[in-house]
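Single-structure report; data block below.
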Amino acid sequence: MKSYLILPLALLFATSLWGQDAAEKKAKDVAAIKSMCGCHSITFDYAETFPVDTAYKLHEPYHAAANAEWIFVDEETEDRLVIQHLLIVGGNMIIKHWRQDWVYEETDHYQFDGDLSWKYTKLPQDAVAGQWTQLVTQVDDSPRYVGSATWVHVDGKSYWENTSDAPLPRREFSKRSDYNVMRRKNRHQITDYGWLHDQDNVKILRKDGQDTPLVAEKGRNMYTRRADSDCEVAQKWWKKHRDFWRLVRAEWEDIYSQNDNLYMHLKIDEQKMYEKMFALDMEMAPNADDKPEVVREKVRGIIKQYLADEKTNQDAVY
């Protein structure tokens with residue numbers, strides 16, 4: 001009789017320990033993601049390294065800096081954290097910057113496919129078990145790139161690393177036409193000074209279904225933590241504009257829920273979408289709380305202008 005009980009009890013005990021370990025691991029993941037929040041100074045450095053063709057001439061290294069950026073959790077559920085970035089320029093000017101959504105074991109992905117198109121992909125559940133998907137969006141909350149990977153906590157280090165295709169970075173979209181896809185190997189690592197966005201990228205020309213790599217690139221974006229009070233102007237700005245951008249986000253989430261490929265136009269009436277959306281924000285932010293239906297209808301109207309039925313054969317730039 002005892003021999004029949006030992007195995008089930010052992011399995012029950014092992015399952016209990018596994019569930020406890022999984023919960024502890026997930027809690028560490030969430031803590032690592034949240035540790036990227038706060039007020040930061042940032043340096044951006046990029047340098048091309050290894051050309052595929054020896055005749056290729058390396059471009060000059062790129063360096064820029066941001067005095068302050070406020071990064072914060074704007075929405076949190078058990079399996080999702082919405083982290084918004086607000087850039088502070090000149091001491092008091094606020095630019096709604098990029099956003100990163102972290103979703104636990106997400107199977108629905110919109111993967112960048114070049115030419116202002118994103119391909120909907122349904123991943124099997126076992127392919128994302130224990131992983132976090134990072135969805136990075138443009139300043140107007142339209143999609144940019146997405147990837148899924150496991151947060152690693154070892155030897156006192158915490159990092160997340162993934163490789164995915166993305167549009168051209170803003171620093172090059174008006175200067176380069178020789179490539180239209182950046183294959184980004186992104187590593188988010190928590191450090192003693194804040195966090196590091198480490199990158200090993202490849203610049204690719206995608207044409208007629210063929211990829212031609214041009215050159216590799218190294219990128220290091222260092223986020224150095226500073227007093228949260230240094231970003232107070234951004235915190236106040238978000239209180240006035242939060243309701244508007246939550247309506248924009250809700251509209252995009254409705255589009256994503258259709259689980260279909262996504263194609264976009266670069267310009268309508270000689271304007272990019274973020275220009276129209278920023279203008280609507282300035283106009284409608286005071287009414288976003290009182291008249292959400294009116295505001296969302298206007299947001300929907302702008303987004304629909306830029307949605308296309310097929311690839312637009314435009315450079316994948318913003």
Problem set entry | Phe173 six-ring face occupied by Arg144 cation (under 6.0 Å, within 45°) |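 Relative to the ring axis of Phe173, which defines the angle, Arg144 lies outside at least one limit.
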Is the shortest side-chain N to carboxylate O distance from [X] to [Y] below 4.0 Å?
X: Arg171; Y: Glu217; value: yes
X: Asp74; Y: Arg99; value: no
X: Asp115; Y: Arg206; value: no
X: Lys218; Y: Asp45; value: no
X: Lys236; Y: Glu232; value: yes
X: Asp211; Y: Arg183; value: yes
X: Lys96; Y: Asp141; value: yes
X: Asp21; Y: Lys25; value: no
X: Lys175; Y: Glu60; value: no

Exercise. Under a 4.5 Å side-chain heavy-atom rule over Ile, Leu, Val, Met, Phe, Trp and Tyr, are Leu205 and Val181 clustered together?
Worked result: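 Different clusters: Leu205 never reaches Val181 through Ile, Leu, Val, Met, Phe, Trp or Tyr contacts under 4.5 Å.
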Exercise. Would a hydrophobic clustering, with Ile, Leu, Val, Met, Phe, Trp and Tyr connected at side-chain separations under 4.5 Å, put Tyr263 with Tyr145?
Worked result: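 Shared cluster, no.
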When you measure from the side chain of [X] to the backbone N and O of [Y], does any donor-acceptor pair fall under 3.5 Å?
X: Glu172; Y: Pro169; answer: no
X: Asp140; Y: Ser142; answer: yes
X: Asp53; Y: Ala55; answer: yes
X: Asn221; Y: Phe44; answer: no

Classify the angle between the aromatic ring planes of [X] and [Y] as parallel (below 30°), tilted (30 to 60°) or perpendicular (above 60°).
X: Tyr104; Y: Trp132; answer: tilted
X: Trp195; Y: Tyr223; answer: parallel
X: Tyr110; Y: Tyr256; answer: tilted

Exercise. What do the steps show when you test Lys119 against Asp165 for salt bridge (Lys or Arg N to Asp or Glu O under 4.0 Å), and what is the final call?
Worked result: CA-CA 11 Å; Lys119 183 179 180 180; Asp165 289 351; over 6 Å; no
Problem set entry | Side-chain heavy-atom pair Asp243, Val295 within 4.5 angstrom cut-off |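 With C-beta onward as the side chain, the pair stays apart.
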Exercise. With a 4.5 Å limit on heavy-atom distance, are the side chains of Val152 and Glu161 in contact?
Worked result: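 They are not in contact (no side-chain heavy atoms under 4.5 Å apart), so the answer is no.
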Examine the side chains of [X] and [Y] and answer whether a donor and an acceptor come within less than 3.5 Å of each other.
X: His188; Y: Gln100; value: no
X: Trp98; Y: His85; value: yes
X: Gln258; Y: Asp260; value: no

Problem set entry | Check: Trp237 ring centroid to Trp70 ring centroid under 6.0 Å |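 No, the ring of Trp237 stays outside the 6.0 Å limit from the ring of Trp70, centre to centre.
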